[in-house]
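Below: one structure in structure tokens.
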Protein chains: 2
Amino acid sequence: MSKLSVSGGSKPRPTMKHVAALAGVGIKTVSRVMNDEAGVSQATKEKVLLAAKQLNYELDVTAGSLRRTSRRTNTVGLLLPSVSNPFSAEIHRAMEDALIKKGVAVFAASLDDEPEREEAMVRAFLGRRVDGMVLTPIATNQAHIIPDHSRELPVVFIDREPVGLQADAVVADNAVGAAKAAKHLFDGGHRKIAYLGDRTDIQTARERRRGFNEALSELGVVTSALPVRENLHDVESARLAAIEILTSQDPPTALFSSQNLVTFGCMRALRELGLNHKVALVGFDDFALSDMVDPGVTVIAQHPEKIGALAAERLMARIEGDSQPPQTYVVETTMIIRGSGEIPPPTN
Amino acid sequence: MSKLSVSGGSKPRPTMKHVAALAGVGIKTVSRVMNDEAGVSQATKEKVLLAAKQLNYELDVTAGSLRRTSRRTNTVGLLLPSVSNPFSAEIHRAMEDALIKKGVAVFAASLDDEPEREEAMVRAFLGRRVDGMVLTPIATNQAHIIPDHSRELPVVFIDREPVGLQADAVVADNAVGAAKAAKHLFDGGHRKIAYLGDRTDIQTARERRRGFNEALSELGVVTSALPVRENLHDVESARLAAIEILTSQDPPTALFSSQNLVTFGCMRALRELGLNHKVALVGFDDFALSDMVDPGVTVIAQHPEKIGALAAERLMARIEGDSQPPQTYVVETTMIIRGSGEIPPPTN
DNA sequence: TTGAAAGCGCTAACAA
DNA sequence: TTGTTAGCGCTTTCAA
């Protein structure tokens with residue numbers, strides 16, 4: 001069995017009472033020692049520590065938080081589009097690295113862009129008494145997902161800014177990054193650049209589109225004449241959209257894709273049509289092996305490790321009492337040149 | 001502030017007492033309703049539900065588990081090499097999907113192959129009273145990481161089998177998969193096949209090596225004469241090892257890499273040396289864009305989504321009292337042919 | 001420096 | 001069907 005001990009033979013899990021009895025001290029003394037409180041003599045402390053070790057005692061964090069004034073459980077919740085999305089996974093990892101030092105554990109959950117799931121998971125976290133939450137908002141308005149009585153609960157939003165709620169947020173410079181991409185393609189001689197974007201109800205996607213449009217407008221391009229396909233949310237829909245655009249009359253000489261999966265779809269479409277060395281491509285979001293495909297894909301890289309670390313830092317500050325006005329922190333993007341974005345337009 | 005309400009204005013978080021008072025019933029009745037226990041009249045139930053909704057009441061799972069006989073917290077722990085590794089992330093995702101239906105939350109943590117961290121995280125989970133754990137073992141012996149008194153705690157191991165502990169495990173057919181790869185290369189005409197492997201203290205890595213060797217021996221290849229490089233744990237070390245092997249006198253005509261990152265290193269080495277269309281490559285583990293590189297990479301695919309789902313199922317069965325003897329469940333691997341594994345040896 | 005008693009939010013046991 | 005009391009493991013308060 002996975003339960004190792006044979007029936008009946010197992011000792012109950014030790015409590016402070018057991019440790020206190022073995023050490024010959026009061027229970028409160030054990031509590032002081034286990035929580036590193038001052039006011040315990042060295043000798044007593046050692047006795048208690050020894051007893052605890054002998055019994056293999058483990059402090060019950062949740063029971064303690066019940067009576068503790070601060071109610072802290074040293075646990076935080078993390079809500080992501082999907083834990084298996086590489087971008088999200090990097091953020092998760094960065095938060096973990098930042099929080100483990102403080103003895104804080106991270107609960108992560110996937111939302112799959114389902115607003116009901118968002119609310120349900122927030123409730124699940126609240127019911128487990130997390131000290132705070134980091135979340136990627138999905139619902140168009142976040143005011144209702146945090147119950148009134150939990151408004152004291154520190155929350156930091158990532159990737160997208162919250163709506164209907166004042167709170168810290170850590171986001172990438174989406175508009176700026178998209179503008180960089182647009183300008184890069186323009187500077188390379190492209191005038192007809194297609195935009196392939198994610199769902200328009202996602203703020204991030206809208207920002208990227210705005211940055212793209214504004215940059216080209218400023219450069220004198222009539223953006224209303226450019227091919228635009230939005231609401232692409234996976235590889236396949238992006239691939240089909242790209243094929244349609246590329247096989248239309250008067251096709252674009254370059255593509256800009258606003259997101260990882262959309263970039264993958266564009267790459268597949270270009271490859272299928274034999275255009276991967278003829279039509280330029282710049283994607284938002286870096287990805288593994290982006291330099292190993294043919295040609296290497298020029299991207300606007302976000303820095304999930306920075307976003308995660310900053311979110312963790314802000315969340316801990318809030319949990320520890322920081323009460324400055326909420327702020328949005330912007331993490332810069334970087335353009336990485338690899339070849340696909342430097343393909344010139346045809347010269348005829 | 002992220003704490004929305006202005007100083008002092010916020011109501012305390014409601015408890016069962018508040019709900020009971022508002023509904024005009026006893027606290028135990030509220031408990032019954034919130035836990036869907038039988039024995040409450042429809043009318044009373046509705047009153048309570050209404051009051052709970054008005055107060056935005058959320059059951060405190062952790063406080064409840066304190067007194068509950070089963071002590072369940074509806075929370076499980078998941079220990080992975082790294083939450084940001086795509087293989088791990090898929091497992092995490094699959095477990096989440098399987099458990100969310102049962103109202104069970106998943107805590108995930110990264111271990112980074114540090115045995116001390118493994119033990120620390122197990123303790124962190126125990127201290128938060130998880131109902132069970134799924135873990136990828138790192139330490140060479142797991143007997144000590146689960147304290148005696150917690151032997152009742154259901155544990156399911158994934159990816160690697162435990163040592164010094166009897167427990168359920170869910171693993172890939174590592175030896176069989178590696179054997180498939182070896183035979184595939186042999187059938188393609190290769191006789192000198194290099195093996196590039198992960199750390200030999202990882203059981204999985206040893207199994208793959210064993211399968212590889214046994215398959216070739218059976219086919220009459222003198223495996224002791226083959227180039228072998230082990231203890232490769234990241235892209236860079238694998239790349240250097242591959243370069244060394246490929247530039248040696250009498251280099252191999254094919255490579256087998258035992259893991260994702262090692263495969264990436266091999267791909268880079270082959271590309272750098274201009275050998276990507278000349279030397280065959282089969283990798284263990286599938287990865288994104290494996291078909292978009294040149295040539296597409298033939299792999300032995302594991303199925304993390306199956307491993308995660310099965311681990312979740314076994315863990316829940318144990319938590320719910322299943323006490324059959326512990327068992328190791330093997331999830332089959334699949335060979336996916338994409339080109340790199342089908343390059344023939346030079347014909348001179 | 002130490003410990004006894006009360007109580008955190010909840011469920012078990014039992015009584016009404 | 002409903003409510004009362006005790007107590008889960010811990011921290012707080014306060015007295016010794």
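Every chain is numbered from 1 and lettered A, B, ... according to where its sequence line falls, protein lines coming before strand lines. These values consider heavy atoms only, across backbone and side chains, with no hydrogens, waters or symmetry-generated copies.
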Any side-chain donor near an acceptor of the partner, B:Thr75 and A:Arg128, under 3.5 Å: yes

Applying salt bridge (charged side-chain N to carboxylate O under 4.0 Å, His left out), run through A:Arg117 and B:Asp97 and close with a yes or a no. CA-CA 12 Å; A:Arg117 190 148 154 174; B:Asp97 287 346; 3.7 Å; yes

Rounded off to whole Å, could you give me the NE2-to-C1' distance for the B:His18 and C:dC8 pair? 12 Å

Under 4.0 Å from OP1 or OP2 of C:dT1: is there any side-chain N or O of A:Thr29 that close? no

Let me see the working for B:Lys102 and B:Asn74 under side-chain contact (heavy atoms from CB on, under 4.5 Å), right down to the final yes or no. CA-CA 8 Å; B:Lys102 303 202 159 207; B:Asn74 287 321; over 6 Å; no

Between A:Glu37 and A:Ser31, is there a donor-acceptor pair closer than 3.5 Å when you use the side chain of the first and the backbone of the second? no

Under the side-chain contact (heavy atoms from CB on, under 4.5 Å) rule, what do A:Met16 and A:Val48 come out as? Steps first, then yes or no, please. CA-CA 10 Å; A:Met16 277 195 179; A:Val48 171; over 6 Å; no

What string of B, S and - do you get for nucleotides 7-16 of chain D 5' to 3' if you count protein non-hydrogen atoms under 4.0 Å? BBBBBB----

Considering just the side-chain nitrogens and oxygens of B:Thr44, establish if one lies under 4.0 Å of OP1 or OP2 belonging to D:dT1. no

